[in-house]
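Structure record follows, encoded as structure tokens.
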Amino acid sequence: MAKTGIKIEGEKWNTKQRVRADRTDELYKDIPEGETLMSIDNLRVVYRTDDSETVAVDSFDIDIKKGELISIVGPSGCGKTTILRCIAGLLQPTSGTIKIGDNECSSPGSDRGMVFQDFALFPWRTVRQNVEFGMEIAGVPKNERQERANKYLKSVGLERFADSRIHELSGGMKQRVGIARALVMHPAVILMDEPFGALDAQTRNIMQEQLNKIIIQSERTIIFVTHSVDEALYLSDRVVILSKRPSSIYKIVEVPWERPRDMASPEFTATRKQILEYLEQQNVMEN
């Protein structure tokens, strides 16, 4: 974190100068919705071996507004997940900066929540215990942990499965647990790396509807990586289209429609066609 005078700690450090790790959104409460929350400036990632050098991402620049969902689409292997891992602090960029407010994201932090494609749940814990895990580490009292876990399990439609084990759940239900686990920590930004990519078509549609309701109700800031143009248009405020490797921003498409959206409308179909044409110009068509 940058030197802002605010440290993120557990509940025992809950003073005016410090913010609990499960409420890092409080760090940015003075930034109005619709104003820039995250800035990515000149991001560059180079993978080096003893005898070769591969530029994965080059000159990636974007400002992300508080309360918006942006999707990132582009060629397979172009660097979508690399960018997300840099934002999460899991990968150090070769150069460039990533900031939330005035705080630099140079390492993992609880102001960014991650939802993975492969669920990444603890099989020995119940559904509620999985959702509570981050709060437990942050030192949140047991009663508050349970209350908040129940609230977010209800928001993803899993309140009846709170005491179930992970192996008893379907793929879509497991992903909903992962989303609830990210939401419950109140991060400033939620990162989603193809979270519905491994699901069947019907379950994927259900999950899109579920996330759409969460977006409407919670006004979270979300960065969403997907291969599906339809999914990107259905969920996003903006669709960021990447170029071929080395990856940079090729186009940004604004999505002006209110939620929920009609995927069969002429406007949706026309914009979908436009994005596919952009992807074709990069010698890629993914959907």
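Owing to the predicted nature of the structure, the values given are computational and were not obtained by experimental measurement. The chain is numbered in sequence order, starting from 1.
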Just jot down the side-chain contact (heavy atoms from CB on, under 4.5 Å) partners of [X], sequence neighbours excluded, or say none.
X	result
Glu33	Glu219
Met185	Asp22, Met135, Pro187
Ser248	Ser243
Lys65	Glu68

Considering all heavy atoms of both residues, which atom of [X] and which atom of [Y] are nearest to each other, and what is their separation?
X	Y	value
Ile31	Thr36	CG2-O, 3.6 Å
Val115	Gly178	CG2-O, 4.0 Å
Pro108	Arg112	C-NH2, 3.7 Å

With Arg125 via salt bridge (charged side-chain N to carboxylate O under 4.0 Å, His left out) - residues at least two apart: Glu136

Counterpart residues, salt bridge (charged side-chain N to carboxylate O under 4.0 Å, His left out), relative to Arg259 (two or more places apart): Asp237

Any side-chain heavy-atom pair from [X] and [Y] closer than 4.5 angstrom?
X	Y	value
Thr54	Arg245	yes
Asp262	Trp257	no
Cys86	Ile98	yes
Val255	Thr271	no
Asp230	Phe268	yes
Ile62	Ile70	yes
Leu37	Ile100	yes
Arg148	His186	yes

Which value, rounded to the nearest 0.5 Å, describes the distance between [X] atom [atom1] and [Y] atom [atom2]?
X	Y	atom1	atom2	value
Glu231	Met207	CD	CE	10.0 Å
Ile40	Ile249	CD1	CD1	8.0 Å
Phe161	Met173	CZ	CE	3.5 Å
Asn130	Leu153	CG	CG	10.0 Å
Lys99	Cys105	NZ	SG	10.0 Å
Thr221	Met38	OG1	CE	9.0 Å

I'd like to know if the side chain of [X] reaches the main chain of [Y], judged simply by a donor and an acceptor atom lying under 3.5 Å from each other, with no hydrogens or angles considered.
X	Y	result
Thr24	Ser110	yes
Asn212	Gln208	no
Arg165	Trp124	yes
Asp61	Asn42	yes
Gln175	Phe116	yes

Shared hydrophobic cluster for Val55 and Leu84 (ILVMFWY, side-chain gaps under 4.5 Å):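 Val55 does not cluster with Leu84.
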
ILVMFWY cluster, Ile206 and Ile214 together (side-chain gap under 4.5 Å):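 No, it is not one cluster - the side chains of Ile206 and Ile214 are not joined through contacts under 4.5 Å.
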
Set of residues satisfying ring-ring contact (aromatic ring centres under 6.0 Å, His included) with respect to Phe224, sequence neighbours excluded: Phe196

By side chain to side chain donor-acceptor pair (under 3.5 Å) - contacts of Asn143 (at least two apart): none

Greater than 12 external heavy atoms within 6.0 Å of Gln202's CD: no

Between side-chain atoms of residues 87-94 and protein atoms elsewhere (two or more places apart, or another chain), which donor-acceptor pairs fall under 3.5 Å?
{"residue": "Gln92", "atom": "NE2", "partner": "Ser106", "partner atom": "O", "Å": "2.3"}
{"residue": "Thr94", "atom": "OG1", "partner": "Val46", "partner atom": "N", "Å": "2.8"}

Residue pairs involving residues 174-191 (criterion salt bridge (Lys or Arg N to Asp or Glu O under 4.0 Å); sequence neighbours excluded): none

Any pair counted as side chain to side chain donor-acceptor pair (under 3.5 Å), so long as it reaches residues 153-163, sequence neighbours left out: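 Matches after skipping sequence neighbours: Arg128-Asp163.
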
Residues clustering with Ile216 (ILVMFWY side chains joined when closer than 4.5 Å, directly or via others):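 Traced through the cluster, Ile216 reaches no other member.
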
Test side chain to side chain contact (heavy atoms under 4.5 Å, CB included) applied to Phe60 and Val45, step by step: CA-CA 10 Å; Phe60 183 88; Val45 180; over 6 Å; no

Charged N-O contact under 4.0 Å between Lys80 and Glu194: no

